[in-house]
Amino acid sequence: MTVRVRVAPSPTGSLHVGTARAALFNWLYARHHGGQFILRVDDTDRERSTAEHEAEIIDSLRWLGLDWDEGVEVGGPHGSYRQSDRYQRYREAAMTLIESGAAYHDNRTTEELEALRRQAESERLHPGHYIRRTESGAGAGAIRLSVPQDHPVVFEDLVRGTVSFEARDIDDFVILRSDGTPTYHLASTVDDIDYGITHVARGEDLLPSTPKHILLTRALGADEVSYAHLPLLFGTDGKKLSKRHGATSLSTYREEGYLPDAVFNYLSLLGWSLDAETTIFSRAQAVAAFELTNVSRNPAVFDPEKLAWMNGEYIRMMDPSAFQAAVRPHVESAAGRALSDEEWAKFQAVSDLVQERTRLLPEAGEQVVFLFGDLEDYDDESWEKVMAKDGVAGILDEATSRLATLEVWETGAIEPLLRGMLDDLGIGAGRGLQPLRVAVTGSSVSPPLFESMAALGRERTLERLGRARARLDG
RNA sequence: GGUCCCGUCGUCCAGAGGCCCAGGACGCCGGCCUUUCAAGCCGGAAACGCCGGUUCGAAUCCGGUCGGGACUGCCA
């Protein structure tokens with residue numbers, strides 16, 4: 001049997017990392033087994049669903065590199081993959097269940113139901129004990145599934161093993177609201193049946209809903225699907241992942257300069273591993289090794305630090321030309337304007353050095369702004385630490401006069417010249433070169449000094465040495 | 001409260017009875033390299049929640065206990 005899995009985001013917001021991780025695992029499972037990965041849009045919440053959110057989710061999925069074989073935008077043999085287009089189908093399914101006696105109309109009011117719940121609570125009973133079929137419904141009101149009370153619902157979860165729910169703990173849940181719209185349970189189950197889904201891998205938060213879906217599937221006379229409930233993602237404080245922990249939407253990571261390959265690699269490590277040793281691996285390796293039965297049962301904490309480290313690893317693996325292309329928008333953004341070819345050549349001169357020390361793409365911009373601005377500002381901390389020391393003025397003067405004599409302005413000439421100066425002055429590189437670095441780049445943290453000077457050019461290097469010297473006196 | 005799920009270093013993952021006085025990665029600490037910062041290299045601290053049981057032998061199996069989480073809507 002061909003594996004058919006799906007991811008079904010609700011377009012009520014951008015793509016959450018938890019949803020992205022679930023999508024990723026489904027995609028890996030489909031690719032590993034040569035099956036199909038389907039994108040369905042669960043937009044039954046008409047109030048909050050928007051076309052903009054849907055477009056953003058689709059963008060994010062593509063950016064992550066998850067391609068789908070059927071679904072929204074790419075189509076497929078099952079008509080629409082958007083639930084809002086299938087209300088008629090859900091209503092028919094609900095009517096079928098009414099006719100077979102598996103479901104019933106319930107026209108009790110919200111107040112009545114609320115009273116029943118309170119009663120159940122006060123008697124420490126399951127709400128399901130009270131929310132049961134009544135004879136009052138006569139073709140009006142919401143439609144509830146009549147939960148069979150003779151057997152518990154037991155299923156084999158691919159990651160959790162045998163899971164069992166007593167029938168009395170499952171209430172007669174609503175499948176069609178009184179306004180004729182389907183609930184999530186109905187729409188999702190009907191779609192999974194109609195689209196021939198074989199495996200449902202989703203967040204553990206839906207584990208308590210699973211017996212309901214199984215009951216519905218049976219009542220509709222369809223074959224049961226396999227379930228895999230993935231561990232939830234939490235923030236570093238152990239609480240459910242939310243805005244407080246930084247970005248929760250995938251599009252934010254994209255904007256902040258993360259690489260899709262790095263995010264893919266990191267996300268796949270949340271609840272799964274390639275083997276006991278390997279941390280960095282390719283998509284192909286993941287596809288070859290992935291199995292839902294190897295997914296961990298423990299909840300995972302999403303650690304932005306490790307993601308950033310991994311992103312740095314991927315940046316270092318990039319082709320120099322690919323790095324330059326990826327980083328250009330960030331460098332231009334830091335410079336505050338588009339760069340000319342001559343200016344870009346200055347960046348290219350130090351690009352390799354920048355690539356080694358970049359974790360997030362925007363950091364590259366910060367490292368090289370000195371090449372493109374007028375350097376109005378020095379980093380205060382750097383200035384304090386380096387420039388407020390004895391002898392700095394003398395070092396700046398000496399370097400300025402020696403550099404002014406250079407015939408050829410390139411790293412190979414600048415380095416021996418300045419090293420010679422250090423020898424003559426009898427001072428170490430740390431003490432002698434740091435002031436020059438701060439003077440030239442504005443910060444004590446920068447790409448290597450000689451290369452930075454070479455890229456900056458003679459005129460501007462000397463100018464900055466002079467300006468720093470003046471600031472010392474001032 | 002009820003139902004269900006989970007419990008190995010701070011964090012992610014490995015471990016499917018002896019290979020484990022527990023392995024890899026991030027982070028942290030120390031050192032080397034070095035013009036700074038990174039990167040790289042070397043080294044270090046750091047965990048099987050607890051109590052019983054099964055067994056010659058348990059991180060691995062069973063029971064209990066404690067702790068955490070999810071769900072408990074005519075949201076998804």
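So you know, we letter chains A, B, ... as the sequences are listed, proteins then strands, and number each from 1.
- Counting non-hydrogen atoms under 4.0 angstrom, A:Phe450 reaches a base of the nucleic acid.
- Only the C1' atoms considered, B:rC71 is 32 Å distant from B:rG52, to the nearest whole Å.
- The heavy-atom pair separating A:Gly235 from A:Val301 by the smallest distance is O-CG1, 3.3 Å.
- Using a 4.0 Å heavy-atom distance criterion, A:Ala300 is classed as a sugar-phosphate-only contact.
- Counting any heavy atom pair closer than 4.0 Å across all strands shown, A:Ala429 reaches sugar-phosphate atoms only and no base atom.
- Closest to the A:Ser273 side chain, of the nucleotides B:rC13, B:rU11, B:rG27, is B:rC13.
- Applying the salt bridge (Lys or Arg N to Asp or Glu O under 4.0 Å) test between A:Arg86 and each of A:Asp191, A:Asp43, A:Asp42 identifies A:Asp191 as the sole match.
- For the 3.5 Å distance criterion, the side chains of A:Ser14 and A:His53 fail to qualify, holding no donor opposite an acceptor.
- Closest contact between the side chain of A:Asp45 and the listed nucleotides B:rC12, B:rU36, B:rC75 involves B:rC75.
- Contact annotation: A:Arg177 reaches the phosphate of B:rA76 (side-chain N/O to OP1 or OP2, under 4.0 Å).
- The base of B:rC74 sits with one of its N or O atoms less than 3.5 Å from a complementary donor or acceptor on the side chain of A:Ser178.
- Between the A:Arg21 side chain and the A:Leu270 main chain, a donor and an acceptor come within less than 3.5 Å of each other.
- Pairing for B:rG57 is absent, with no Watson-Crick or G-U wobble pair whose two atom distances lie under 3.5 Å.
- Listed candidates were B:rC4, B:rA76, B:rC26. Nearest to the side chain of A:Glu305 is B:rC26.
- Under 3.5 Å, the side chains of A:Ser80 and A:Arg89 contain no donor-acceptor pair of N or O atoms.
- Here the separation of B:rU54 from B:rG63, taken at their C1' atoms, is 11 Å to the nearest Å.
- In plain terms, the two heavy atoms of A:Val163 and A:Phe165 that are nearest each other are CG1-CE1, 3.6 Å.
- Residue contacts shown for A:Leu449 include a base, since a base heavy atom lies under 4.0 Å away.
- Partner assigned to B:rA25 is B:rU11, using Watson-Crick or G-U wobble distances below 3.5 angstrom.
- Distance from the side chain of A:Val445 is smallest for B:rC37 among the nucleotides B:rC37, B:rC4, B:rC12.
- At B:rU35, one or more side-chain N or O atoms of A:Arg419 fall inside 4.0 Å of OP1 or OP2 (strictly under the cut-off).
- The nucleotide whose nearest atom lies closest to any side-chain atom of A:Leu206 is, among B:rC12, B:rC5, B:rA76, B:rA76.
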One pair to check against ring-ring contact (aromatic ring centres under 6.0 Å, His included): A:Phe25 and A:Trp272. What are the steps and the verdict?
CA-CA 9 Å; A:Phe25 281 24; A:Trp272 183 74; 7.1 Å; no
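- Residue-level contact check: A:Thr358 touches neither bases nor backbone, having no heavy atom under 4.0 Å from any strand.
- At the heavy-atom level, A:His229 lies nowhere under 4.0 Å from the strands shown.
- Counting non-hydrogen atoms under 4.0 angstrom, A:Thr183 reaches the backbone sugars and phosphates but no base.
- Comparing B:rA58 with B:rG2, their P atoms sit 35 Å apart, to the nearest whole Å.
- When both pairing distances are held under 3.5 Å, B:rG30 makes a Watson-Crick or G-U pair with B:rC42.
- Within the 4.0 angstrom heavy-atom criterion, only backbone atoms of the sugar-phosphate kind lie near A:Glu313; the bases stay farther away.
- Listed nucleotides: B:rG7, B:rU36, B:rA76. Nearest to the side chain of A:Arg297: B:rG7.
- The side chain of A:Lys306 lies closest to B:rA25, out of B:rA76, B:rG27, B:rA25.
- A sub-4.0 Å separation between OP1 or OP2 of B:rC74 and a side-chain N or O of A:Arg144 is present.
- Residue contacts shown for A:Gly271 are limited to sugar-phosphate atoms, with no base heavy atom under 4.0 Å away.
- The residue A:Ser209 sits close to a base: some heavy atom pair falls under 4.0 Å.
- Using Watson-Crick or G-U wobble geometry with both donor-acceptor distances under 3.5 Å, B:rU36 finds no partner in any strand shown.
- Between B:rG7 and A:Asn298, a contact under 4.0 Å exists linking OP1 or OP2 to a side-chain N or O.
- Listed nucleotides: B:rG69, B:rC26, B:rU35. Nearest to the side chain of A:Pro448: B:rU35.
- As rounded to whole Å, 13 Å separates atom P of B:rC26 from atom CD of A:Glu277.
- Rounded to whole Å, the separation between the P atoms of B:rC9 and B:rG15 comes to 16 Å.
- Atom name C1', nucleotides B:rA14 and B:rC26: the rounded distance is 15 Å, in whole Å.
- Across every strand in view, B:rU3 sits in a pair with B:rA70 that passes the Watson-Crick or G-U test at under 3.5 angstrom.
- For the pair A:Glu313 and A:Arg359, the salt-bridge criterion is not met [side-chain N within less than 4.0 Å of a carboxylate O].
- The residue A:Pro299 sits close only to the backbone: its heavy atoms come under 4.0 Å of sugar-phosphate atoms, none of a base.
- Taking atom P in both B:rC5 and B:rG43, one finds a spacing of 44 Å when rounded to whole Å.
- In the set B:rC26, B:rC74, B:rG69, B:rC74 carries the atom at the smallest distance from any side-chain atom of A:Val174.
- Here the nucleotide nearest the side chain of A:Ser10, chosen from B:rA25, B:rA76, B:rC5, is B:rA76.
- Nucleotides B:rA45 and B:rG10 place their P atoms 14 Å apart, quoted to the nearest Å.
- Of the C1' atoms belonging to B:rA25 and B:rC21, the separation is 23 Å, rounded to the nearest Å.
- Annotation: cation-pi pair A:Arg283/A:Phe264 present, NZ/CZ under 6.0 Å from the ring centroid and within 45° of its normal.
- Across all strands shown, B:rC19 forms no Watson-Crick or G-U wobble pair with both distances under 3.5 Å.
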